[in-house]
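Following: one structure in structure tokens, then a few remarks.
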Amino acid sequence: MRVEFDEEFGVPLEEAYEYFRTPLHWPRLFRAFGPAEDRGDGWYAVPFRGLPFPLVTRITRDDPGRCVEWVFEGFWRGDARVEFEPTSAGVVIRGYEQISPRALPWLAPLAERLFLETRFKEVWESGWRRLRRVSTDGENAAISGE
């Protein structure tokens, strides 16, 4: 399945980028994720609440303040890209996440439509709500974990 996004926020670009530059920070934006575990060699396991398999991921490109890309391995396969564009009011975040279960490839499309697509879209939407709340509050509470 593919989730695409093009969202604008009233937070500084540097603050938005900070959420994505390492899987260690993803749980600060996306409450569906538990604390990431460093697996070495750049790989992290990010527990996904409600699903038995963590997102095992590695950042493959980090162009600070411009773009972050990552890939998945293990149970999940796919990749993702997040691009940042500064605006006078904050930042635009564009990109995609292409992800699907590796196991049972002939059943994956059905499982995605019935169970996973809505869940993954909800995860991204929850992150966007948090960023909008931070921009409305004018606070940096979400990234600091407060």
Side-chain angles (χ1 to χ4, degrees), residues 1-37 39 42-137 139-143 145:
M1 92 197 93
R2 185 176 176 98
V3 178
E4 296 183 359
F5 43 86
D6 185 345
E7 304 284 338
E8 186 168 359
F9 305 97
V11 298
L13 180 147
E14 298 78 16
E15 184 176 336
Y17 161 74
E18 193 63 27
Y19 288 109
F20 294 95
R21 72 176 189 83
T22 172
L24 293 171
H25 292 181
W26 294 356
R28 295 178 180 163
L29 182 61
F30 303 106
R31 293 291 172 136
F33 299 148
E37 170 194 330
R39 294 215 171 154
W43 288 99
Y44 292 86
V46 183
F48 196 151
R49 295 176 191 183
L51 294 176
F53 306 103
L55 299 175
V56 178
T57 186
R58 179 181 186 166
I59 301 295
T60 56
R61 178 178 176 200
D62 182 3
D63 187 358
R66 294 177 184 246
C67 177
V68 178
E69 296 177 355
W70 59 91
V71 295
F72 300 102
E73 75 165 16
F75 179 81
W76 303 101
R77 65 184 161 116
D79 65 302
R81 177 183 178 92
V82 176
E83 298 175 346
F84 306 92
E85 180 183 324
T87 67
S88 60
V91 64
V92 170
I93 301 176
R94 291 186 184 96
Y96 72 90
E97 180 176 56
Q98 181 80 33
I99 188 167
S100 65
R102 187 178 306 274
L104 306 171
W106 61 92
L107 288 178
L110 180 62
E112 290 169 13
R113 274 193 308 278
L114 293 178
F115 307 108
L116 299 173
E117 187 171 11
T118 299
R119 180 74 172 119
F120 275 85
K121 286 180 179 180
E122 287 173 353
V123 169
W124 283 100
E125 284 301 319
S126 73
W128 303 147
R129 282 191 303 274
R130 285 180 62 89
L131 272 177
R132 285 192 179 87
R133 196 167 45 248
V134 169
S135 67
T136 301
D137 293 346
E139 299 174 3
N140 194 13
I143 190 69

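E4 CD to K121 NZ: the interatomic distance, rounded to the nearest 0.5 Å, is 9.5 Å. Rounded to the nearest 0.5 angstrom, H25 NE2 and F20 CZ are separated by 12.5 Å. Residue E125 holds its CD atom at 10.0 Å from CZ of F30, rounded to the nearest 0.5 Å. The CH2 atom of W128 sits 7.0 Å away from atom CG of L29, with the distance rounded to the nearest 0.5 Å. Taking CG of L13 as the start and CD of E18 as the end, the distance is 11.0 Å to the nearest 0.5 Å.
In terms of heavy atoms, I93 sits closest to A16 at CD1-CB, 4.0 Å. Of all heavy-atom pairs spanning P35 and P47, the tightest one is O-CD, 3.2 Å. Contact between R102 and R77 at its shortest, heavy atoms only, is NH2-CB, 3.3 Å. The shortest heavy-atom contact between F120 and E97 is CD2-OE1, 3.5 Å. Taking every heavy atom of both residues into account, V46 and A36 meet most closely at CG2-CB, 3.9 Å. Across V68 and R21, no two heavy atoms sit closer than the pair CG2-CA, 4.3 Å.
Judged purely by atom type and a 3.5 angstrom limit, W76 has no side-chain atom pairing as donor or acceptor with the backbone of T57.
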Q: With side chain to side chain contact (heavy atoms under 4.5 Å, CB included) as the test, would you mind laying out the steps for E7 and L131 before giving the verdict?
A: CA-CA 10 Å; E7 304 284 338; L131 272 177; over 6 Å; no

Q) Is there a side chain to side chain donor-acceptor pair (under 3.5 Å) between E73 and W43 once you walk through the steps? A) CA-CA 9 Å; E73 75 165 16; W43 288 99; 4.7 Å; no

**Q.** Chi angles and distances behind the ring-ring contact (aromatic ring centres under 6.0 Å, His included) call for Y44, W26
**A.** CA-CA 11 Å; Y44 292 86; W26 294 356; 8.5 Å; no

Q) How far apart are the C-alpha atoms of F48 and V123, what are their side-chain angles, what is the distance that settles it, and do they pass the side chain to side chain contact (heavy atoms under 4.5 Å, CB included) test? A) CA-CA 10 Å; F48 196 151; V123 169; 3.7 Å; yes

Q | CA sep, side-chain torsions, deciding dist, call: R58, R39, side chain to side chain contact (heavy atoms under 4.5 Å, CB included) | A | CA-CA 10 Å; R58 179 181 186 166; R39 294 215 171 154; over 6 Å; no

Q | Working for side chain to side chain contact (heavy atoms under 4.5 Å, CB included), residues R31 and S126 | A | CA-CA 8 Å; R31 293 291 172 136; S126 73; 5.7 Å; no

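With no hydrogens or angles considered, no side-chain donor-acceptor pair links D63 and Y17 at under 3.5 Å.
By the 4.5 Å heavy-atom criterion applied to side chains, I99 and L55 are counted as neighbours. A 4.5 Å side-chain heavy-atom check between R132 and R129 finds every atom pair outside the cut-off. You'll find the side chain of V134 reaches within 4.5 Å of the side chain of Y19, heavy atoms only.
Remark: E85 engages R94 in a salt bridge, criterion side-chain N to carboxylate O under 4.0 Å.
Using cut-offs of 30° and 60° for the angle between ring planes, the F72 and W70 rings count as perpendicular.
Atom CZ of R49 has more than 12 heavy atoms from other residues, nucleotides or ligands within 6.0 Å.
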